[in-house]
Amino acid sequence: MSCVIRPDHAMTTIDVLIEDACRKFADKVALRHKVNGIWQEISYGSLWTLSDQLAAGLLKNGFRPGEHAALLASSSPRWVISYLGILKAGGVVVPIDKELKSAELRHVLSDCGAVVLFTEPPYCDAVLELIPHLPALNRIFTLNSKPRKSDDVSTAKALEALLDEWQNLVTDLAIPEEKVSRVETLASQVHRLLSGVSSASRDTQETFDLFSPVRITRKELTRQGRLLRWDDLIHNAPLPQRHRNPQDVAVVLYTSGTTGRSKGAMLSHANIVSNIRGATSHFKVDETIHTLSFLPINHVFEQVCGVLLPLSLGGKVSFCESLKKLGENLAEVKPTFFLAVPAVYRMILDRIMKNIGAKTLSQLLFSFPVTRHLVTAKIKQTFGPGTRFISGGAALDPAIASGFDRLGLSIYQGYGITETSPIISAECPGNKRLGTVGLLLPEVEVRIDSPDEEMVGEILVKGPNVMLGYYMNPQATAEVLDAGWYRTGDLGRLSSDGFLSICGRVKNLIVTPNGKNVYPEEVENELIKSPYIAEVMVYGHKVGPAAEEVHALIYPDQEAVDDYSRMGGKGLMSEADVEALLRKEVLAACDGLADYKRVRKFTIREDEFPKTTTRKIKRFAVEASISTKD
C-alpha cells in the first residue's frame, strides 16, 4: 500500500466532528425519510445512540479496528447510522454502488477485502452468488428488522420446509423443467400476494426469489450465524476508548471507471473533515442548512456535501423518495441546499419552461424583464426562499445556468473528484462567473501543468483534501501523486483572479493536422443543445501518425424526431431523413466554433451509450468498438 504522509490539518476524525453536533443539538431532527408516505424523523441524540450500539455490536461480533466494512444499500438513515457505527468501531467504510453488475461487484468486494457487509434484500442475492469468491467476507448484515409477529417466524420455517420438500420431489420424480418453471412462477406470485408486496414496492421490502439457486447459500449462512439482521447487531454496551489518528484511512471509495476497472481511493478522516470545513466556509452555511439527499450516497459528492456536511453543523437531511418523486419532494421539503448533476438541472429547467410555455399569460409575462418577476415569484415560492442549487459531477451547460438565473434561482457550479474528497473549487454567493467552476476552497492549491498558448494545461491539486493513495495499488498511486500534487487528468486554466475553468480531459484531447488542440467536451456542449440529439460523444479520428479529425457519434432523441416528423406532416422518417435532420443540426451547432473544431463526420447510434453509474459515457468502451483510423 502506497500513501502520502502529510501534516495533520483537521485535527479530528469524522465521528468526533459529528459527535460535537450530536451533543449540541441532541433534541433536534437530524435525519428524515418517508415510511408509507409519512415523514419519519431521527434526532441527533438517537443518531448518536444507535451508531454507538451498532459499533458495539460490530466489536462483539469480532470486528477489529482497521478492518473494512462494505455498505451496499440505498440512501437511508440506517445507511448513515451504519457508516458512523463502522467509524466508531475503528473500521474503514467501503461504500459500494448498488447499480454495479456482478463482475464489478465481485471486483470491488474482493479488492477491498471487506470482512463485513451491510446490505438490503434487493441486493442480497447478488452478493450471495459471489460468496464462493469472497473468502474474506465473514458476515453479512441486512438493514431490515426481524419480523415482529411470532406467526411470521412460524410461517417462514414452514415455507422453508415446503421448499426443501419441493426440491426433493423435483429430483426424485424427474419433473420436466417446463413444468417446474411454471409451478415455481405461480408459487412466487402467490407468495408475493400473501406477503402483501406489490411490484411497485418490491425494491424496498424484504422479498426474494423463493426458488433462487442461492437459497441454499442463504440457509447455510443463516445457520452459521453469518447472515444476520439489523436487530441482531444492535448491542447496548459502552465502547472502549480508542485513539484514532485523523490521518487514518476512513473510507475507501471506488471510482466509477470511465477509463477501465475501478480503483479504491483511500480518504483519511483529515481529508474529509478538511473538505467539510472548507465547504462550510466557502458556501457560508450554518445549522439552518437542510438538504434533500437525492444523489447516490455511495458517491463522495453526496456523502460528504449532502450528508456529512449538514450533520456536522446541526442541520437536517431529508432523503428523497425517488427520481419520480423528486419534484414533489423538492416542493414539500424546500431544501436550503440541494445537490444534483447537470442532467437533473436540465430536466428541472425544461419542465419549468414547458409549464410556462403552456400558459399564454405566463409566457407573455415571462418574456418581458419588467413583468418576469410575477412568474418567477411563484416558482421561487415552490422551491422555498433562498435555495442554493449546487451542480457537480459533470460540466454544467452555461445555458442551464443562464436559464436558472432568469428564473431567479441560485445555481452554483463546483468541481471535484473522488480523489480530492471531493471539492476543489466552486462558485459561491458573491463569486459567480459563467463558464467557470468558481474559486478554490481554502487550503486547496491548483497548478496548471505545461500550459499551451491559451494557458490551458493539466490541473494539478495539492492540499489536505488530496487522497492518501489507491488501496493496494502502489503503481496507480505513483502515476497520479507526486510530492503531494495530484494529477487530475483534467485540462483547465486559472484566471489571474483565481477562477478555475475546465476545458476537457487530457486523454480525450484531439490534435488536428495543423497542430491545433480540440477539447471534445467543448464541441459536445454545443451539439447537445439540439433538441434532436439525446447523447453525443466527440472523438479524434486518426488521419495521420500524429493528427486527427473531429468526428462524432450521435444517439438521436427519437421522441423529438417523431414530433418533428408529425408537425411537418412527413409521416415516418427514413434513415436518410433522420441523417439529413441531424446534419443540419450539427452544422448549426458548429457554426459558432472555430473551423478546426467543427465536426467533419458523424455516425448515428441505434442504442444509448454505455455509462458509468454517475451517467458519464464510458469512452473507453465506446472507442474500443469503433475504428479511429482510416
Side-chain angles (χ1 to χ4, degrees), residues 13-19 22-23 26 30-31 42-73 76-96 109 112-121 123-124 127-128 130-131 134-148 150 152-153 156 206 217-245 248-252 269 297 308 311:
T13 58
I14 297 167
D15 48 309
V16 170
L17 184 71
I18 304 299
E19 180 183 15
C22 288
R23 293 191 186 283
L31 305 170
I42 295 175
S43 69
Y44 273 91
S46 295
L47 171 63
W48 196 248
T49 299
L50 285 168
S51 55
D52 262 355
Q53 292 172 344
L54 186 135
L58 278 173
L59 295 173
K60 182 185 176 186
N61 277 272
F63 186 76
R64 295 188 299 249
E67 290 187 319
H68 292 190
L71 262 169
L72 175 66
S76 70
R78 286 192 173 181
W79 195 103
V80 179
I81 292 165
S82 301
Y83 183 99
L84 290 175
I86 294 164
L87 294 179
K88 287 183 179 185
V92 176
V93 186
V94 185
I96 298 179
L109 284 170
C112 76
V115 298
V116 167
L117 171 71
F118 291 85
T119 190
E120 292 171 318
Y123 319 111
C124 199
V127 175
L128 293 178
L130 299 174
I131 285 296
L134 303 172
L137 189 58
N138 186 38
R139 279 185 172 81
I140 298 172
F141 296 102
T142 58
L143 298 186
N144 54 308
S145 298
K146 289 181 180 178
R148 293 186 179 179
S150 58
D152 292 341
V153 177
E206 184 181 6
T217 305
R218 179 191 299 277
K219 185 178 178 181
E220 183 60 21
L221 290 182
T222 303
R223 186 188 65 78
Q224 295 172 3
R226 293 175 59 199
L227 178 59
L228 304 164
R229 300 182 199 238
W230 173 270
D231 299 342
D232 298 318
L233 184 59
I234 297 300
H235 180 55
N236 198 7
L239 292 176
Q241 289 293 322
R242 283 198 180 92
H243 174 70
R244 288 188 301 282
N245 193 310
D248 289 344
V249 180
V251 181
V252 176
H269 288 270
I297 199 170
L308 295 179
L311 290 181

Do Val80 and Ile42 come within less than 4.5 Å of each other through their side chains, counting heavy atoms only? no
When every non-hydrogen atom of Ile234 is compared with those of Gln53, the smallest separation belongs to CG2-OE1, 3.3 Å
Validation row: Asn144, Arg229 side chains within 4.5 angstrom (heavy atoms): yes
Check whether any side-chain heavy atom of Leu233 sits under 4.5 Å from a side-chain heavy atom of Leu228, and report yes or no. no
Residue pair Thr13 / Arg244: nearest heavy atoms and the distance that separates them: CG2-O, 3.7 Å
Chi angles and distances behind the side chain to side chain contact (heavy atoms under 4.5 Å, CB included) call for Val116, Glu67: CA-CA 9 Å; Val116 167; Glu67 290 187 319; over 6 Å; no
Do you know which two heavy atoms are closest between Lys88 and Ala55, and how far apart they sit? CB-CB, 3.8 Å
Is the closest side-chain heavy-atom distance between Ser51 and Asp15 below 4.5 Å? no
Please tell me if the side chains of Leu308 and Tyr83 come closer than 4.5 Å, counting only heavy atoms from C-beta onward. yes
With a 4.5 Å cut-off on side-chain heavy atoms, are Leu47 and Cys22 touching? yes
Kindly give the heavy-atom pair with the smallest separation between Leu117 and Leu71, and that separation in Å. CD1-N, 4.4 Å
Check whether Thr142 reaches the backbone of Pro121 with its side chain - one donor and one acceptor, N or O, closer than 3.5 Å. no
Leu137 vs Val127 side-chain heavy atoms within contact, under 4.5 Å: yes
Using the side-chain contact (heavy atoms from CB on, under 4.5 Å) rule, pick out the option among Asp52, Leu50, Leu58 that qualifies with Leu54. Leu58
With distance as the sole test, does Arg139 use its side chain to make a donor-acceptor pair with the main-chain N or O of Asn61 at under 3.5 Å? yes
Any side-chain heavy atom of Val251 within less than 4.5 Å of one from Val92? no
Is the Tyr44 to Trp48 ring centre distance short of 6.0 Å? no
